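Every value quoted in this text rests on a predicted model; they were computed, and no experiment measured them. Note: hydrogens, waters and symmetry copies are ignored here, and every other heavy atom, side chains too, is used.
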Amino acid sequence: MIKCVSFVVLAIALVATPVRSQQGDKQEEPVQLGTELVNVPFNVTDKKNKQITDVSRDEVQVLEDGKPQEIFSFERKLESPLTIALLIDTSGSQELTIGAEREAAVRFFEKVLRADKDLACVVSFAKEVTLEQTLTANLGSLDKALDRVRVSPSSGFGRGGTAPTNPLAGGTSMFDAVYLASDDILRAEAGRRVIILVTDGEDTTSEYNSAAAVERAWRSEVIIYCVGIGDPSMQRVNSGALDKLSKETGGRSFEPHSVEDLDKAFAEIENDLRQQYIVSYSPSNTNRDGTFRKIEIRLAGEQRKDLRVRFRRGYFAPKV
């Protein structure tokens, strides 16, 4: 039996935080998957990860459980609202890099967030998952939240001290952080929902496992981008765990080895979010049975065969 897992702080603040529709932006309401339309954001890149921006509707093919689906709409959603949850690992392995991570995140928010459209929050996690800043469009509030983020004392590191023999001793609940952000923060938000996960990918204390975290992201239509970074002296990043989270949800995974690489990773995430297509279709399988439906997006034409299409792997049908 899975234990009840929740954010350490600000549970009341989540209720009190205005949702986007209360802020005057009613451009898009959440679509209940499987009832009318399934909306699938996706990116198309070449082998060098250069964005392909000239894809036409006629080239796009959507399959659900291997069966072709009729496309209802297809467009580039450059102006669609973004709701971003930035998840930062504060376990001991981040002691030497967390300062650069905070600064890169500040620069990212300054470039990406549009005050009239987008929202973001900050979540830290070590053994516990803490909501540092609820969803907001205020850059100042996000900056202050990031400035508060420090390596957890329970992880065994002291500020200015030396690393313990086991830097993971305090615990890391990465999958819990992904699960909670997907379910408690992003699920009910409009537009595109995104997690940016900054961590070395090691998880030692989560109640939820990788499969549960991915399933919750699917149910909440969340795209996960992973920035794999940890103690430079140990060179330890769990690439497999991070790749799974990103690939299953339509995101990407990065492993920066310098401040420049870190800024580049955030810049590429920004570029991805600004170059997405969104395809919508009404499923031919109308059964309300709660089952998982596998999604596949293909591009027709010989000239498109070498391009890469990134999209979430599926969704769960509603259950009556």
Any salt bridge linking [X] with [Y]? Criterion: basic side-chain nitrogen under 4.0 Å from a carboxylate oxygen.
X: Lys67; Y: Glu64; answer: no
X: Arg304; Y: Asp54; answer: yes
X: Glu215; Y: Arg219; answer: yes
X: Arg236; Y: Asp200; answer: no
X: Glu270; Y: Lys111; answer: no
X: Arg274; Y: Asp118; answer: yes
X: Glu248; Y: Arg312; answer: no
X: Asp147; Y: Arg102; answer: no

Donor-acceptor check, side chain of [X] to backbone of [Y], threshold 3.5 angstrom: yes or no?
X: Arg192; Y: Leu273; value: yes
X: Ser220; Y: Val222; value: no
X: Asp203; Y: Phe175; value: yes
X: Ser253; Y: Ser246; value: no
X: Arg298; Y: Glu296; value: no

Specify whether Phe316 and Trp218 have parallel, tilted or perpendicular ring planes, treating 30° as the upper limit for parallel and 60° as the lower limit for perpendicular.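 Rings of Phe316 and Trp218: tilted, 30 to 60°.
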
Should the ring pair Phe254 and Tyr225 be called parallel, tilted or perpendicular, given that the plane angle runs from 0 to 90° and is split at 30 and 60?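 Geometry flag for Tyr225 against Phe254: parallel rings.
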
Could you check Asp176, Asp183, Asp184 and say which one makes a salt bridge (Lys or Arg N to Asp or Glu O under 4.0 Å) with Arg216?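 By the salt bridge (Lys or Arg N to Asp or Glu O under 4.0 Å) criterion, Arg216 pairs with just one of Asp176, Asp183, Asp184: Asp183.
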
Close side-chain approach of [X] and [Y], heavy atoms under 4.5 Å:
X: Val149; Y: Val122; answer: yes
X: Ile223; Y: Pro41; answer: yes
X: Pro68; Y: Tyr281; answer: no
X: Ile52; Y: Asn43; answer: no
X: Leu299; Y: Val55; answer: yes

Val259-Ile196 co-clustered via ILVMFWY side chain contacts under 4.5 Å: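 Val259 does not cluster with Ile196.
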
Shared hydrophobic cluster, Leu63 / Ile278 (ILVMFWY, side-chain heavy atoms < 4.5 Å):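 Per the 4.5 Å side-chain linkage, Leu63 and Ile278 are not co-clustered.
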
Around atom CZ of Phe292, are there more than 12 heavy atoms of other residues, nucleotides or ligands at under 6.0 Å?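 Yes, the 6.0 Å shell around CZ holds more than 12 heavy atoms from other groups.
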
Could you tell me whether Glu70 atom CD has more than 12 heavy atoms of other residues or ligands within 6.0 Å of it?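 For Glu70, atom CD is not crowded (no more than 12 foreign heavy atoms under 6.0 Å).
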
Suppose we call two aromatic rings close when their centres sit under 6.0 Å apart. Are Phe266 and Phe108 close by that rule?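 Yes, close enough.
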
Any chance you could lay out the side-chain contact (heavy atoms from CB on, under 4.5 Å) test for Ile229 and Gln94, step after step, and finish with the verdict? CA-CA 8 Å; Ile229 187 169; Gln94 305 298 304; 4.0 Å; yes

Under 3.5 Å side-chain donor-acceptor pair for [X] and [Y]:
X: Ser284; Y: Gln69; result: yes
X: Glu132; Y: Ser124; result: yes
X: Asp46; Y: Gln51; result: no

Using the rule given for side-chain hydrogen bond (donor to acceptor under 3.5 Å, both in side chains), can you reason through Gln275 versus Arg76, listing the C-alpha separation, both sets of side-chain angles and the distance that settles it, and then say yes or no? CA-CA 7 Å; Gln275 302 295 336; Arg76 288 181 68 194; 2.3 Å; yes

Yes or no on side-chain hydrogen bond (donor to acceptor under 3.5 Å, both in side chains) for Ser91 and Asp89, after CA distance, side-chain angles and deciding distance? CA-CA 6 Å; Ser91 62; Asp89 186 346; 2.6 Å; yes

I'd like to know whether Asp289 forms a salt bridge (Lys or Arg N to Asp or Glu O under 4.0 Å) with Lys319, so could you lay out the CA-CA distance, the side-chain angles of the two residues, the decisive distance to 0.1 Å, and finally the verdict. CA-CA 5 Å; Asp289 53 11; Lys319 188 174 183 179; over 6 Å; no

